[in-house]
Trainee: 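There's a structure below that I have some questions on.
Order of the sequence lines fixes the chain letters, A, B, ..., with proteins taken first and strands second; residue numbering starts at 1 for each chain. Values reported hereafter were calculated over all heavy atoms of this structure, with side chains retained and with hydrogens, waters and symmetry mates removed. Owing to the predicted nature of the structure, the values given are computational and were not obtained by experimental measurement.
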There are 2 protein chains.
Amino acid sequence: MTEARRPPARTRLLDAADRVLFEQGIRATPVDDLLREAGVSVSTLYTHFGSKDGLVAEVLDTRLHDWRMVWDRCVVAAHDDEGRLLAIFDAVATYREEQHHPAGWCAFLAAADELPSAPAAIAQVLASHTDLLTERLLHLSRPLAQNQVKAQELADEMALIYTGVLASYLRGYPGSPVEGGRRAAQAAVQARRTG
Amino acid sequence: MTEARRPPARTRLLDAADRVLFEQGIRATPVDDLLREAGVSVSTLYTHFGSKDGLVAEVLDTRLHDWRMVWDRCVVAAHDDEGRLLAIFDAVATYREEQHHPAGWCAFLAAADELPSAPAAIAQVLASHTDLLTERLLHLSRPLAQNQVKAQELADEMALIYTGVLASYLRGYPGSPVEGGRRAAQAAVQARRTG
DNA sequence: GTCTATAATAAGATAGAC
DNA sequence: GTCTATCTTATTATAGAC
């Protein structure tokens with residue numbers, strides 16, 4: 001049996017944090033759990049990341065990068081304007097299945113809730129995530145709206161529905177939020193077409 | 001000047017907890033902050049509520065009671081089926097303005113995120129809140145849908161949008177979630193009418 | 001019986017010495 | 001990487017005031 005080479009401690013810690021933090025809750029997870037899960041020592045954490053918050057910031061950064069790529073891919077795969085706007089729901093489903101664990105809801109919103117006085121590193125990732133969301137949704141809404149105001153309204157509704165899908169995983173209801181989200185988004189698009 | 005009578009320590013602590021816990025974050029708020037804010041001693045907390053979680057459970061219970069009443073009022077004030085379904089957004093606006101502080105997002109979702117291994121008392125309030133939401137939305141959706149399946153779909157979309165409105169306060173975008181939520185909900189109702 | 005004040009205990013985050 | 005020390009926080013215990 002060829003033995004798999006063990007990744008460096010820094011990588012193992014990042015992976016463990018990504019796996020555990022957002023299932024157990026950020027604050028609910030003691031650093032000891034992460035250290036045990038990763039098989040690293042306390043010093044590894046504090047020399048590489050400075051603090052638990054520093055580790056969280058790096059994990060969030062990786063997640064933002066992954067999310068952006070998945071969303072990119074799904075937008076490109078769509079074949080018309082409506083499909084490109086609705087691609088965010090494909091992206092949510094894909095991201096949860098492929099990239100990260102189907103448990104948990106949204107790492108960014110969880111961080112916003114649990115770390116209200118977040119250090120700059122975390123606050124900045126959250127802001128980048130929100131910027132990506134708002135700018136891209138507005139961009140994708142434009143072709144489907146008669147004017148700039150209507151486009152902004154549609155984009156806001158999309159952000160609302162998307163956020164609702166994520167938070168519904170936390171609530172545990174409805175059972176398949178992505179499907180309901182897609183239906184609600186289609187209705188919003190259609191309303192702008194007929195109205 | 002007639003001096004206002006000071007409410008009992010138990011009440012002061014409940015009020016302080018309701019004010020502070022969901023603005024600062026549940027876990028981010030040390031009990032000392034609540035004690036100082038309420039002007040009570042440590043023993044008061046532990047004799048009356050048993051633990052910080054016990055206090056949280058009681059505050060959530062009060063909030064559920066208040067929310068149910070506000071929602072009731074707004075449903076009764078509406079004058080047609082669509083208005084009664086959409087009344088949940090009036091209720092959100094009213095609840096935030098009148099009953100509780102406009103900061104913070106949703107006490108129940110925050111508790112679900114921050115206290116994943118919640119004691120029974122808290123888990124039960126959260127379940128009651130979700131039950132109220134799902135049952136009432138389904139009830140109010142029935143007159144607007146041709147059959148039971150469509151009614152359930154509409155109710156799911158409403159729950160999604162409602163949850164999105166609340167979580168949008170956490171995200172800080174869109175700026176006026178209630179308005180976008182109402183538009184999205186109207187589109188969902190209309191889609192079920194035309195489709 | 002309700003409340004306060006204070007100290008002791010235990011767990012967790014952080015930091016540094018080795 | 002281990003070990004130890006410090007700081008914060010939740011919790012409990014003790015003792016006393018109204």
Side-chain angles (χ1 to χ4, degrees), chain A residues 5-60 110-111 113-123, chain B residues 3-60 110-111 113-123:
Chain A
R5 175 156 296 291
R6 206 169 185 224
R10 182 191 158 84
T11 308
R12 297 205 308 276
L13 187 49
L14 274 173
D15 288 349
D18 184 72
R19 251 176 292 128
V20 179
L21 275 180
F22 309 106
E23 291 189 7
Q24 308 280 319
I26 302 170
R27 285 188 112 108
T29 305
V31 286
D32 285 357
D33 284 12
L34 302 178
L35 302 178
R36 199 173 334 105
E37 178 86 7
V40 303
S41 74
V42 208
S43 339
T44 304
L45 168 58
Y46 289 97
T47 56
H48 282 288
F49 303 100
S51 66
K52 184 184 179 183
D53 282 347
L55 174 59
V56 172
E58 283 227 28
V59 173
L60 288 177
D113 174 60
E114 298 189 48
L115 312 170
S117 317
I122 292 182
Chain B
E3 196 195 302
R5 175 157 296 289
R6 207 169 185 224
R10 181 190 160 85
T11 307
R12 297 205 309 275
L13 188 48
L14 274 172
D15 288 349
D18 185 70
R19 251 177 292 129
V20 179
L21 275 179
F22 308 106
E23 290 190 8
Q24 308 279 320
I26 302 169
R27 286 188 111 109
T29 305
V31 286
D32 284 358
D33 284 12
L34 302 178
L35 301 178
R36 199 172 336 103
E37 177 85 8
V40 303
S41 74
V42 207
S43 335
T44 302
L45 168 58
Y46 290 95
T47 56
H48 280 288
F49 303 102
S51 67
K52 185 184 178 183
D53 282 347
L55 174 60
V56 172
E58 282 227 30
V59 172
L60 288 177
D113 175 59
E114 297 189 49
L115 311 170
S117 316
I122 291 183

Trainee: Can you list the residues that meet the side-chain contact (heavy atoms from CB on, under 4.5 Å) rule with A/S41, with sequence neighbours excluded?
Mentor: A/S43, A/T44
Trainee: Any chance you could measure A/L34, atom CG, to A/L21, atom CG, to the nearest 0.5 Å?
Mentor: 5.0 Å
Trainee: With sequence neighbours excluded, what pairs up with A/R10 under the salt bridge (Lys or Arg N to Asp or Glu O under 4.0 Å) test?
Mentor: A/E58
Trainee: Applying side chain to side chain donor-acceptor pair (under 3.5 Å), can you list everything that pairs with A/D18, at least two apart in sequence or on another chain?
Mentor: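 Scan of A/D18 (side chain to side chain donor-acceptor pair (under 3.5 Å), adjacent residues dropped) gives A/R63, A/H100.
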Trainee: Could you check which residues of residues 8-22 of chain A get a heavy atom under 4.0 Å from DNA chain C? Sort them by number, please.
Mentor: none
Trainee: Could you go through residues 24-32 of chain B and list every donor-acceptor pair under 3.5 Å that involves a side-chain atom there, pairing it with any protein atom two or more places apart or in another chain?
Mentor:
| from | atom 1 | to | atom 2 | distance (Å) |
| --- | --- | --- | --- | --- |
| B/R27 | NH1 | B/E114 | O | 2.5 |
| B/T29 | OG1 | B/G25 | O | 2.6 |

Trainee: With axes from five pairs an end, tell me the bend angle of the helix from C/dG1-D/dC18 to C/dC18-D/dG1, nearest 10°.
Mentor: 10°
Trainee: To the nearest 0.5 Å, how far apart are CG in B/L55 and CG in B/L13?
Mentor: 5.0 Å
Trainee: Can you list everything that forms a side-chain contact (heavy atoms from CB on, under 4.5 Å) with B/A118? Sequence neighbours excluded, please.
Mentor: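 B/L115, B/I122.
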Trainee: Counting any heavy atom closer than 4.0 Å, what does A/T44 reach on the DNA or RNA strands: base, sugar-phosphate only, or nothing?
Mentor: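 It contacts sugar-phosphate atoms only.
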Trainee: Just verifying a value: how many Å separate A/F22 CZ and A/L60 CG, rounded to the nearest 0.5 Å?
Mentor: 4.5 Å
Trainee: Could you check whether B/V40 gets within reach of a base, just the sugar-phosphate, or nothing at all, counting any heavy atom under 4.0 Å?
Mentor: sugar-phosphate
Trainee: Output the rounded distance in Å from CD (A/E114) to P (C/dG12).
Mentor: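 Answer to the nearest Å: 16 Å.
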Trainee: Would you please name every residue forming a side chain to side chain donor-acceptor pair (under 3.5 Å) with A/R19, sequence neighbours left out?
Mentor: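 For A/R19, the residues satisfying side chain to side chain donor-acceptor pair (under 3.5 Å) (neighbours in sequence not counted) are A/E37.
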Trainee: Could you report the tightest heavy-atom contact between B/L45 and B/S51, atom names first, then the distance?
Mentor: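 Of all heavy-atom pairs spanning B/L45 and B/S51, the closest is CD1-O, 4.0 Å.
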Trainee: So does B/H48 get a side-chain nitrogen or oxygen closer than 4.0 Å to the phosphate oxygens (OP1/OP2) of C/dC3?
Mentor: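 For B/H48, the contact criterion (side-chain N or O under 4.0 Å from OP1 or OP2 of C/dC3) is met.
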Trainee: What pairs of nitrogen or oxygen atoms, one from the protein and one from nucleotides 16-18 of chain D, lie under 3.5 Å apart?
Mentor:
none

Trainee: Output all residues satisfying side-chain contact (heavy atoms from CB on, under 4.5 Å) with B/P8, sequence neighbours left out; order by chain, then residue number.
Mentor: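 Residues passing side-chain contact (heavy atoms from CB on, under 4.5 Å) with B/P8: B/T11.
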Trainee: Sugar-phosphate atoms are those with a prime plus P, OP1 and OP2; base atoms are the rest. Using that split, label each nucleotide of nucleotides 7-14 of chain D B, S or - for protein heavy atoms under 4.0 Å, 5' to 3'.
Mentor: --SSBB--
Trainee: B/G39 near the nucleic acid: base, sugar-phosphate alone, or nothing, with a heavy-atom cut-off under 4.0 Å?
Mentor: sugar-phosphate
Trainee: Among residues at least two apart in sequence or on other chains, which ones pass side chain to side chain donor-acceptor pair (under 3.5 Å) with A/D15?
Mentor: none
Trainee: Go through the steps for A/L14 and A/F49 under the test side chain to side chain contact (heavy atoms under 4.5 Å, CB included), then give the verdict.
Mentor: CA-CA 10 Å; A/L14 274 173; A/F49 303 100; 3.8 Å; yes
Trainee: Take atom CZ of A/F49 and atom C1' of C/dA13, then tell me their distance rounded to the nearest Å.
Mentor: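 Interatomic distance, CZ of A/F49 to C1' of C/dA13: 16 Å.
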